[in-house]
Amino acid sequence: MFYESIREASMKIAVIGTGYVGLVTAAGLADLGHDVTGADKDGDKIKKISWGDVPIYEPNLEELLKANQKRGNLTFSYDLNKTIQACDVIFVCVGTPQHEDGSADMSQIEEVSRMIAENLNKYKLVVEKSTVPVKTSAWIKRIISLYKKSDKEFDIASNPEFLREGSAVSDFLNPDRIIIGVETERAKEILVKIYQKFQDRILITNIDTAELIKHASNSFLALKISYINLISNICEKTDADVELVAKGMGFDPRIGGRFLKAGLGYGGSCFPKDIKALTKIGEEMGVNMDLLKEADQVNAGRVKVFLEKVKKALWILKDKKIAVLGLAFKPETDDIREAASIRIVQELIKEGSILRLYDPKAMDNMKEIFPEEHYRLSYSNSPYQAIEDANALLIVTEWDEFRRLDLRKVKKVMANPIIVDGRNIFEPADVREIGFEYYSIGRK
Ligand code: UDX
């Protein structure tokens, strides 16, 4: 019965852009029963994806893509014109990288808008899903109106994504909210149908509101992280323990315990970019955005706080063998965009340390920035290989694999039993009992 109602609501959908957001969206919408074409102008990438070679690591994505390709409701194409013509709803998931001044580069959005205008052979709903500044939809609408050659109608909508890397597939399939920003009844009906499985979680707003919900949510979460990191600095000057401070705060339902993990700060493709973009948007409108600027400053200072601990432990870093465990900006991803590891490795190279790096998934990406042949560093096949004979072990990403390390074995193979833990993955008393000198964040 339920399956039938889904079939009835099945739509012909194009998802343009096959990055993290585009691929998950394409696979997710296909899984909801819609007829989806994922499209990208990068022909090589499309060929690879069609053959089942997924360009990114995201848990369960490959399985979801394959299952829906097999079912026949998900295909891929590099012919954007044909794809746009064939579809009724177009999700725009192209990248919006950041300019030097913090503003977003909207050139790919404009390019796709012009393409939609040129291929407007019947009514289409254009849904903007990339994280974009408020008022972007108004621009997309203007570009399509300026360049369209037919008299066919179209609507614009904003449906921001809230996918977390590492759990993007389950976030798509079990969303805590679906935000639909629309300006016409027709657009509303189409999107409500597409997401009818989640009808109890849909919030319908105007387009400006939907666009702002995304930026305001991410900046708030970034603020929360910087706040606990600021508190951790106070903890370090007192006998307070930031883990317990966060736990105590989190019991208050108005605060909540999540996103109160002190450490190396936020990285990734969203928070650093979004907080700067919202700052810029606000300032352009004459709003004082110092609150967000300060939060971003606190974040920028986290690597320095961490490296001071490494110096406190080792004094001189030159020629010291240092094992860096964790390179991805967070666990369960191979993504190193804005990862703390990049700045940590850069600084340690400057200091003249000899580095051994290990990450379960992100080493290939890191090798592109720091190739072995150009620096005094090497990539290890296992955490144990990285720590052999090391003067210190640094925890930079909190992969579960590191939590499960046999610390007695670790101590035996290291030259000096020193751990500097940027993510508080160990209990201080346990590690010290084994005989380590242990430095962590916001606690003694
Ligand atoms: C984020 C948002 O959560 C998601 O809703 C949005 O759509 C895209 O951006 P993501 O960047 O994948 O997702 O990662 P997230 O899990 O939110 O973590 C972001 C960063 O904050 C990571 O570097 C993480 O290590 C850090 N973080 C997170 C903390 O330092 N402390 C915390 O308590 C939580």
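Remember, predicted model here, so these are calculated numbers, not experimental data. Order of listing sets the numbers, starting from 1, for every ligand and every atom in it.
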> Within 45° of the axis and under 6.0 Å from the centre of the six-membered ring of Tyr439, does NZ or CZ of Lys312 qualify?
Replying inline: no
>> The criterion is side-chain hydrogen bond (donor to acceptor under 3.5 Å, both in side chains); which residues satisfy it with Glu183, sequence neighbours excluded?
In response: Lys141
> Do Arg443 and Asn424 have side chains that get closer than 4.5 Å, going by heavy atoms?
Replying inline: yes
> Under 6.0 Å from the six-membered ring centre of Tyr57 and within 45° of its axis: does the NZ or CZ of Lys361 meet both?
Replying inline: yes
> Does a donor on one side chain sit under 3.5 Å from an acceptor on the other, for Asn229 and Ser226?
Replying inline: no
> To the nearest 0.5 Å, how far apart are CG in Leu23 and OG1 in Thr18?
Replying inline: 5.0 Å
>> Can you list every protein residue that has a heavy atom under 4.0 Å from any atom of ligand 1, sorted by chain and residue number?
In response: Glu161, Phe162, Leu163, Arg164, Glu165, Lys214, Asn218, Ile225, Phe259, Leu260, Lys261, Gly265, Tyr266, Gly267, Cys270, Phe271, Phe329, Lys330, Arg423
